[in-house]
Amino acid sequence: MQLALASLEAAEKVFRREHHQYADTAVLDELRSTDYARLDAGGHVYLDYTGGGLYARSQLREHFELLQAGVFGNPHSINPTSAASTALVERARASVLEFFRAASDEYLAIFTPNATGALRLVGEAYPFRAGDRFLLTFDNHNSVNGIREFARARGAETTYIPSAAPDLRVDPELLPRYLTETIGDHHNLLAYPAQSNFSGAQHPLTWIEQAHAHGWDVMLDAAAFVPTNRLDLSVCHPDFVPISFYKMFGWPTGVGCLLARRQALAKLERPWFSGGTIVAAFVQRQYYQSAPGAAHFEDGTVNYLSLPAVEIGLRFLDRIGIDTIHDRVSALGDWLLQALGSLRHSNRSPAATIYGPQAYEQRGATVAFNFLHPDGRIVDERYVDRVAGEHGISLRTGCFCNPGAGEVAFTISRETLVGGEFGDATVLEDYVRMIGLPSGGAIRVSLGLVSNFADVHRFMAFADEFIDLVEVPDDLPPRIVC
Ligand SMILES: Cc1ncc(COP(=O)(O)O)c(C=O)c1O
């Protein structure tokens, strides 16, 4: 054990010497040993930051001290306790705009339960009509894919822009072609992720201006991008930006945001009204007056006791510096990508296959892959899950709610999907077999705020267990969800 520790320390020293970008982020090692001591105390290697970020102890302390010291009422009133809550909600709102450098005369920050809630707000209120277009990349989270149902119900056409294996990027020649395929005076919406939650690929922010130049509105799904990258809304100007705060700093869950350009919001048509979204409504006359600004989009009572934690979390990130976090995960991510890509069996065949950008350029530190047996078959992801658990490693397996990226990664054709229907009685197991998937999905590891050298080192020691692995045990549990 002591020998292993000594070799880990020596390896880290060399890594620091060779990667100044990493050495300059030592402040995060201090945080790891204080604010995040629970990780090492519990022997955890947390590698699912794209699933959810981790909170610092100091965030909780500051939040709970605030709640313990104050008396906070429902903000929909003007009494003193209500005014105290309103002040905190508005401070949180201002801190979101400030963090993303969004001018308050250009953007509004609308609080939602999560990124999905933000996406739904746009989907259900975007004025889709016959002849309008909803254009989106294959590489999208299901919460973006689902908007096609709103488009379909209103007669608008949905078109997907394909990505290409192995990098799972979009051919740069393609986008202009799709953007010019519009007819007359219509509402057209382009949606894509700034960073893929599947492969870590970062799609160009320059698409925003390209799309605007052709009269399109742009929804930039930044949920997987903003935890480790700067999104500067004074430089790029997407119309709608959904995010979830727990992905950025772990606490609180249940709060997200739609950053929206005022100009684009003005064209949304909300399908209903509710408490909180109106100034007045009548019963004897079926008339209501919408509330101005963000309130028009915030149904019911906002999560006013959690919202102060958003301001605290953003301040916490600002103190560290999002660029410091970016530098750290880039240095570790680059190493992880290279180490995994060069893993070999004794017969020199690759022991892992990576889905997505193979080089650490225009990508984030989210890596999707599968282990391979020496004969090239994919190692069953359920076995990988089992071994990871034994190593105290938290990673993800499956398709990560991004079926388009998975379809390209596993070269599943449209014909195959049309042929294989997922009926009520079908179990996932049979479906995987029916459409010829080599496994139940991919493995995903993602780095974040307090990832360190030891995490990647321990992950690679775990990966070594798959070298020369010929068979997996036959007692793996059934697959339940993708
Ligand atoms: C890119 C992306 N978009 C949207 C979402 C949905 O976020 P939530 O489940 O917090 O609504 C996720 C979640 O993983 C994501 O990674």
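Counting starts at 1 for both ligands and their atoms, in listed order. FYI, side chains are in, hydrogens and waters are out, and symmetry mates aren't considered; it's all heavy atoms of this structure.
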Are the aromatic ring centres of H203 and W207 under 6.0 angstrom apart?
yes
Distance, nearest 0.5 Å, that separates CG of L332 from CG of L337
12.5 Å
For atom 7 (O) of ligand 1, the protein heavy atom that lies nearest, with its residue and separation
A115 CB, 3.7 Å
Which ligand 1 atoms does A223 reach within 4.0 Å, using its non-hydrogen atoms?
2 (C), 3 (N), 4 (C), 15 (C)
As an exercise, identify every atom of ligand 1 less than 4.0 angstrom from a heavy atom of K247.
7 (O), 12 (C), 13 (C), 14 (O)
Side chain to side chain donor-acceptor pair (under 3.5 Å) partners of R386, counting only residues at least two apart:
D475
With a 6.0 Å cut-off on the ring centroids, do Y360 and W335 count as close?
no
Regarding ligand 1, does D221 bring an N or O atom to under 3.5 Å of one of the ligand's N or O atoms?
yes
Which residue and non-hydrogen atom of the protein lie closest to atom 11 (O) of ligand 1, and at what distance in Å?
T116 OG1, 2.5 Å
Looking only at protein heavy atoms, which one is nearest to atom 16 (O) of ligand 1, and how far off is it?
N197 CB, 3.2 Å
Sorted by chain and number, sequence neighbours left out, side-chain contact (heavy atoms from CB on, under 4.5 Å) with H326 holds for N229, S330
Look up atom CZ in F240 and atom CZ in R261, then write down how far apart they are to the nearest 0.5 Å.
10.0 Å
Would you say the side chain of E157 lies within less than 4.5 Å of the side chain of R152, judging by non-hydrogen atoms?
no
Please state which protein non-hydrogen atom is closest to atom 15 (C) of ligand 1 and give its distance, to 0.1 Å?
H141 CD2, 3.5 Å
Quick note on ligand 1: atoms under 4.0 Å from a heavy atom of Y246 include exactly 8 (P), 9 (O), 10 (O)
With a 4.0 Å cut-off on heavy atoms, does F225 reach ligand 1?
no
